[in-house]
Enquirer: 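I have a structure here, written as structure tokens, and I will follow up with some questions on it.
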Amino acid sequence: MSDKPVIAVLVSGSGSNLQAIIDAAERGEIPCRVGIVVSNKADAYGLVRAKKHGIPTEAVSHKDYPTREEFDARLVEILRKSGAELICLAGFMRVLTPVFVRAFPNRILNIHPALLPSFPGTHGPKQALEYGVRFSGCTVHFLDEGVDTGPIVVQGVVPVYDDDTEDTLAARILVQEHKIYPMAIRLFFQGRLRIEGRRVFADGLPRIPEFFHRNPDA
Ligand code: GRF
């Protein structure tokens, strides 16, 4: 077993972000390994993906626990035992209570399919279309005790086209999610992420070039 630091990934569904993280770890692009994958849904395809890579899994149904806090306490127990230094929520569709958040201060990341603070909650792409924004994207942020409110680590931007549907936009965003999640994890383990209040500074990185995108463009 490698002596790389362990991360835990929590999923509820398809787990394509999980796959991107596993692949990045296997290619040596992030200095950690996925030590456990946990789902609140026993039939989540993310669990199948984990097993294909020999990663231990746990399914814990929230329905078996009378309160959110008791469910969260069970998750904390599993994650502590796994030795994970970083917890990555990747399409984990449960709101976590302070019982969970306070157990791993500044060590929980989440990915959201919108440019936060726009369109928090469960329908990022749909709300971006309904609102009529010309750009959307995705956000990796540290988890705090709110919903999609924690300090922002990385964002990726995509255009919104006139003929987009919720599915085409979500798919375009997902491509960027698969890039920025491993990137955020790498920055975390490189010790470059410094949180000051709401802001996360990525130390030692050059500025990205200034850009001017417009949509539509004529
Ligand atoms: C992603 O869009 C993520 O941003 C959101 O849920 C979706 C999960 O996709 N939180 P997957 O399970 O990683 O394929």
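All values reported here derive from a predicted model rather than from experimental measurement.
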Enquirer: Identify the heavy atoms of G46 and L18 that sit nearest to each other, and give their distance.
Expert: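 Looking at all heavy atoms of both residues, the shortest contact is O-CD2, 3.3 Å.
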Enquirer: Any side-chain to backbone donor/acceptor pair from R214 onto F212? Under 3.5 Å, distance only.
Expert: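 Answer holds: yes.
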Enquirer: Do L143 and F104 come within less than 4.5 Å of each other through their side chains, counting heavy atoms only?
Expert: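 No, side chains not in contact.
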Enquirer: Is a side-chain donor or acceptor of T139 paired with a backbone partner of Q155 at a separation under 3.5 angstrom?
Expert: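 No; zero donor-acceptor contacts below 3.5 Å.
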Enquirer: Got I173 and Q176 here, is their nearest side-chain heavy-atom distance under 4.5 Å?
Expert: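 When only atoms from C-beta onward are counted, Q176 and I173 do not touch, as no gap falls below 4.5 Å.
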Enquirer: Does the T165 side chain pair with the main chain of T168, one donor and one acceptor, at a distance under 3.5 Å?
Expert: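 Yes: the side chain of T165 pairs with the backbone of T168.
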Enquirer: Show your working on side chain to side chain contact (heavy atoms under 4.5 Å, CB included) between K41 and M93 and close with a plain yes or no.
Expert: CA-CA 10 Å; K41 303 243 180 213; M93 302 306 283; over 6 Å; no
Enquirer: Do L96 and L75 come within less than 4.5 Å of each other through their side chains, counting heavy atoms only?
Expert: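 When only atoms from C-beta onward are counted, L75 and L96 do touch, with a gap below 4.5 Å.
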Enquirer: Closest approach of P113 and P125, non-hydrogen atoms and distance?
Expert: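 Heavy atoms only, the tightest pair is O-CD, 3.7 Å.
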Enquirer: Give the cluster check for L174 versus M183: same hydrophobic cluster or not, with ILVMFWY residues linked at side-chain heavy-atom distances below 4.5 Å.
Expert: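 Unlinked, L174 and M183 end up in two clusters.
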Enquirer: Check whether any side-chain heavy atom of S14 sits under 4.5 Å from a side-chain heavy atom of R49, and report yes or no.
Expert: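 In short, these two side chains touch, coming nearer than 4.5 Å.
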Enquirer: What pair of heavy atoms forms the shortest contact from P159 to D164, and how long is it?
Expert: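 Shortest heavy-atom separation between P159 and D164 comes out as O-OD2, 4.3 Å.
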Enquirer: Judged by atom type as modelled, is there a donor-acceptor pair below 3.5 Å linking the side chain of D72 to the main-chain atoms of V99?
Expert: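 Pair absent, no side-chain N/O of D72 close to backbone of V99.
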Enquirer: Grouping I, L, V, M, F, W and Y whenever their side-chain heavy atoms are under 4.5 Å apart, do F100 and V60 come out in a common cluster?
Expert: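 Same cluster: F100 reaches V60 through Ile, Leu, Val, Met, Phe, Trp or Tyr contacts under 4.5 Å.
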Enquirer: Of all heavy-atom pairs between L47 and A42, which one has the smallest distance, and what is that distance?
Expert: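 Closest pair (atom of L47, atom of A42, distance): CD1-O, 3.6 Å.
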Enquirer: Using the side-chain contact (heavy atoms from CB on, under 4.5 Å) definition, which of the options L86, L89, L10 pairs with I108?
Expert: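 When side-chain contact (heavy atoms from CB on, under 4.5 Å) is applied between I108 and each of L86, L89, L10, only L89 qualifies.
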Enquirer: Is there a side-chain contact between N215 and F135 in this structure, where contact means two heavy atoms from C-beta onward sitting under 4.5 Å apart?
Expert: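 A side-chain contact exists here, since the closest heavy-atom pair is under 4.5 Å.
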Enquirer: Please say whether more than 12 non-hydrogen atoms of neighbouring residues, nucleotides or ligands are located less than 6.0 Å from CZ in R199.
Expert: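 Count not over threshold, so no.
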Enquirer: What pair of heavy atoms forms the shortest contact from I7 to C88, and how long is it?
Expert: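 So the minimum-distance heavy-atom pair works out to CD1-SG, 4.2 Å.
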Enquirer: Considering only heavy atoms from C-beta outward, does the side chain of E145 approach that of R102 to under 4.5 Å?
Expert: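 In short, these two side chains touch, coming nearer than 4.5 Å.
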Enquirer: Carefully, step by step, assess D3 and R33 under the rule salt bridge (charged side-chain N to carboxylate O under 4.0 Å, His left out).
Expert: CA-CA 9 Å; D3 54 5; R33 67 184 171 85; over 6 Å; no
Enquirer: Grab the two heavy atoms, one from D148 and one from G121, that are nearest each other, plus how far apart they are.
Expert: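 Reported closest heavy-atom pair: OD2-N, 2.8 Å.
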Enquirer: Does I111 reach the side chain of I180, with side-chain heavy atoms less than 4.5 Å apart?
Expert: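 Touching, per the 4.5 Å side-chain cut-off.
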Enquirer: Donor-acceptor pair, distance only, cut-off 3.5 Å: does the side chain of H112 make one with the backbone of T149?
Expert: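 Flag not set: sc H112 to bb T149 has no pair under 3.5 Å.
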Enquirer: Should we count OH of Y131 as having more than 12 external heavy atoms under 6.0 Å?
Expert: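 At most 12 heavy atoms, drawn from other residues, nucleotides or ligands, come within 6.0 Å of this atom.
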Enquirer: In the structure I gave you, are the side-chain heavy atoms of F142 and L193 within less than 4.5 Å of one another anywhere?
Expert: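 Of all side-chain heavy-atom pairs linking L193 with F142, at least one is under 4.5 Å.
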Enquirer: Counting N and O atoms only, with roles assigned by atom type, does the side chain of R194 sit under 3.5 Å from a partner on the main chain of D203, one being a donor and the other an acceptor?
Expert: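 Side chain of R194 to backbone of D203, a donor-acceptor pair under 3.5 Å: no, none is there.
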Enquirer: Using the rule that Ile, Leu, Val, Met, Phe, Trp and Tyr join whenever any side-chain heavy atoms are under 4.5 Å apart, tell me whether V140 and I195 fall into a single cluster.
Expert: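 Same cluster: V140 reaches I195 through Ile, Leu, Val, Met, Phe, Trp or Tyr contacts under 4.5 Å.
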Enquirer: Please say yes or no: joined through hydrophobic side-chain contacts below 4.5 Å, possibly via intermediate residues, are Y181 and V34 part of one cluster?
Expert: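 Yes, one cluster joins them.
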Enquirer: Honestly, is R107 close enough over F188, meaning NZ or CZ under 6.0 Å from the six-membered ring centre and within 45° of the axis?
Expert: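 Geometry flag: not set, cation outside 6.0 Å or 45°.
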Enquirer: Considering residues, nucleotides and ligands other than D162, do more than 12 of their heavy atoms fall under 6.0 Å from its CG?
Expert: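 Check fails, neighbour count at 12 or below.
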